[in-house]
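Notes follow once the structure below has been shown.
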Amino acid sequence: MSQSDVRQPTLDRTLPPPVPMRENQGWITFEHMLKRLHQEGLYIHPDQLAEFLLCHGLPVHLRYVPHHLRQRAMFVNEHYRGDMVELIEERDEEV
């Protein structure tokens, strides 16, 4: 099979543009993420979304986490620093 025989995957429909978040909207909820995925035709179980988020080091409320991942979720939730970290400006010291 030559490279010219390889076809690029195409989408059979166009996706709507992402919805920009306003600063006062806050964080997207787990339910909102799951609903949006379902609207896009990605029908996954809440346990699967929770596992995906945890595997990427993102916090998930324990009510959505399967029992076998609860300990991992507690660790991630306690140690997550991502976008929730408060930015502190530090002065550059002259050398």
inquiry  = Would you say L54 ends up clustered with F75 if hydrophobic residues are merged whenever their side chains have heavy atoms under 4.5 Å apart, either directly or through other cluster members?
reply    = no

task = Give, for atom NE2 of H67 and atom CG of L62, the distance between the pair rounded to the nearest 0.5 Å.
result = 12.0 Å

inquiry  = Nearest 0.5 Å, please: how far is CG in N77 from CZ in R72?
reply    =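 R72 atom CZ to N77 atom CG measures 10.0 Å (nearest 0.5 Å).
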
key: Closest contact, heavy atoms only, P46 versus F30   = O-CZ, 3.4 Å

Taking only residues two or more places apart in sequence, or in another chain, which ones meet [X] in a side chain to side chain contact (heavy atoms under 4.5 Å, CB included)?
{"X": "F52", "value": "H56"}
{"X": "H32", "value": "I28, T29"}
{"X": "P66", "value": "D47, A50, H68, L69"}
{"X": "L37", "value": "L42, I44, L49"}

Set of residues satisfying ring pair (Phe, Tyr, Trp, His ring centres under 6.0 Å) with respect to H61, sequence neighbours excluded = none

Qualifying residues under ring pair (Phe, Tyr, Trp, His ring centres under 6.0 Å), relative to H45, sequence neighbours excluded = none

